[in-house]
Amino acid sequence: MLQEKIFTTKKNGMLVLILTVILYLAAIACCIYGGIMMETGSSPVLFIIGIVWVCLGWIPFLGLRILNPQEALVLTLFGKYIGTIKNAGFYFVNPFCSSVNPAAKTKLNQSGDVDSPSPKSILIPATPSSASIEMVNKKVSLKIMTLNNARQKINDYLGNPVEIGIAVMWRVVDTAKAVFNVDNYKEYLSLQCDSALRDIVRIYPYDVAPNVDTTGDGQADEGSLRGSSEVVANRIKEKIQHKVAEAGLEIIEARITYLAYAPEIAAVMLQRQQASAIIDARRAIVDGAVGMVEAALDRLNKNNTVELDEERKAAMVSNLLVVLCGNKDAQPVVNSGSLY
């Protein structure tokens, strides 16, 4: 298994830059002085040395690397991984080393990596008829990034289609695994987020449902996508982390950003929720009305205000329930005659 090796080279980029520039100036001086000396019949050694350095002296410039904070540079030499530079600074490395980042051109819907042209990319127009050449930044970002995957339509535990979206905060912790263990760690993360989201959502119903076991302990519980969003998000995070560990990625947090029934059943489910709310409200009204009627009868019997037989009590209870439970205001009828 490939392990990350931290490249502990000294930050001597500025020294090499100054020496290379000085040597270039010296080579130009040698060319001029050697050319003058050749006209007088002297040896052309200085002129040849100057010409050779002018032709090859640019090679050390290829080894200069500038690294910003929270960035890493994965280096290979002729196909062999030699190490990773993580500390910010101005470095000089082997000019023949190449930096590797297969996900450099990948554009996802996430922070720091959007579809707009990156300011770190330089477009050099070649000719009017040819395509532009893009110099891609091969540095691996170690910053915490946020991936907002597209909303997905998934069937919940009861088979109802729901639309759900998540935001995942992640970062690269092992550059060697991220670059070499998977083909493209950004695409890999996005696909694993989709897969983990489907695996977890299908365990839960949208709302609390009877006889549903969401924890796997064999006991029915009250877990649901809407009521247990924190628990669902944590399970999604753990699932994604398990899948991307081999890619050298760390999942810091996962959050549900959107949750709703799919449009084809949203109207029906809304009616169902409204019906449940109406039933609950009616149940509360009836319970309250029965309590008020019982209190009224107890009060009348206790104070001996009026004596009612069973038939009159039943009529009184019926009238009070109609008045208290009705949707509209009651229209009373005043009886001016005898009760009997």
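As the structure is a computational prediction, the values presented were derived from the model and not from experiment. These values consider heavy atoms only, across backbone and side chains, with no hydrogens, waters or symmetry-generated copies.
Of the possible donor and acceptor atoms, one in the side chain of Gln241 sits under 3.5 Å from a partner among the backbone N and O of Leu249.
No side-chain heavy atom of Asp221 sits less than 4.5 Å from a side-chain heavy atom of Val212. At a threshold of 4.5 Å between non-hydrogen side-chain atoms, the residues Glu163 and Pro263 count as touching. Residues Ser229 and Leu259 form no side-chain contact, since every pair of their non-hydrogen atoms from C-beta on lies 4.5 Å or further apart. In this structure the side chain of Val232 reaches within 4.5 angstrom of the side chain of Ile200, judged on heavy atoms. Between Tyr204 and Val162, the closest side-chain pair of non-hydrogen atoms is not below 4.5 Å. Under the 4.5 Å side-chain criterion, counting only non-hydrogen atoms from C-beta, Ile51 is in contact with Cys55. The shortest distance between side-chain heavy atoms of Asp183 and Tyr185 does not fall below 4.5 Å. The shortest side-chain heavy-atom distance between Pro102 and Val100 falls under the 4.5 Å cut-off.
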Working for side chain to side chain contact (heavy atoms under 4.5 Å, CB included), residues Val93 and Ile85: CA-CA 10 Å; Val93 298; Ile85 302 176; 3.7 Å; yes
Side chain to side chain contact (heavy atoms under 4.5 Å, CB included) assessment of Cys30 paired with Ile49: CA-CA 7 Å; Cys30 287; Ile49 293 175; 5.6 Å; no
Are Arg202 and Asp199 close enough, and set up right, to give a side chain to side chain contact (heavy atoms under 4.5 Å, CB included), and what steps lead you there? CA-CA 6 Å; Arg202 65 181 180 83; Asp199 291 343; 4.2 Å; yes
Assess whether side chain to side chain contact (heavy atoms under 4.5 Å, CB included) is satisfied between Thr175 and Leu142, documenting all intermediate values. CA-CA 9 Å; Thr175 57; Leu142 303 179; 4.0 Å; yes
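More than 12 non-hydrogen atoms from other residues, nucleotides or ligands lie less than 6.0 angstrom from CD of Glu250. Atom CG of Asp217 sits in a crowded spot, with more than 12 heavy atoms from other residues, nucleotides or ligands closer than 6.0 Å. Remark: Lys239 NZ is loosely packed, at most 12 non-hydrogen atoms of other residues, nucleotides or ligands lying under 6.0 Å away.
Nearest approach of Thr214 to Ile203, heavy atoms of both residues: O-CG2, 3.5 Å. For Ala167 against Asn148, the heavy-atom pair with the smallest separation is CB-OD1, 3.2 Å. Nearest heavy atom pair, residue Asp156 against residue Tyr206, reads OD2-N, 3.0 Å. When all heavy atoms of Val173 and Glu4 are compared, the pair lying nearest together is O-OE1, 3.9 Å. Residues Trp170 and Lys186 share a closest heavy-atom pair of CH2-CG, 4.4 Å. Among all heavy-atom pairs drawn from Leu73 and Ser99, the shortest one is CD1-CB, 3.7 Å.
Put simply, Phe92 and Leu17 are part of the same group of oily side chains (I, L, V, M, F, W, Y) that touch within less than 4.5 Å, one to the next. By the rule that hydrophobic residues join a cluster once side-chain heavy atoms approach within less than 4.5 Å of another member, Leu158 and Tyr261 end up as members of separate clusters. Using a 4.5 Å cut-off between side-chain heavy atoms of Ile, Leu, Val, Met, Phe, Trp and Tyr, with links allowed through other members, Val21 and Phe90 fall into the same hydrophobic cluster. Hydrophobic clustering (ILVMFWY, side-chain heavy atoms < 4.5 Å, transitive): Ile279 and Val290 are in distinct clusters. Both Leu64 and Trp58 are members of a single hydrophobic cluster when ILVMFWY side chains are connected at heavy-atom separations under 4.5 Å.
Relative ring orientation between Phe61 and Tyr24 is described as parallel, the plane-to-plane angle staying below 30° on a 0-90° scale split at 30° and 60°.
One finds no salt bridge joining Glu230 and Arg235 here, because no Lys/Arg side-chain nitrogen approaches an Asp/Glu carboxylate oxygen to under 4.0 Å.
Interatomic distance, CD1 of Ile164 versus CZ of Arg198, reported as 11.0 Å (0.5 Å rounding).
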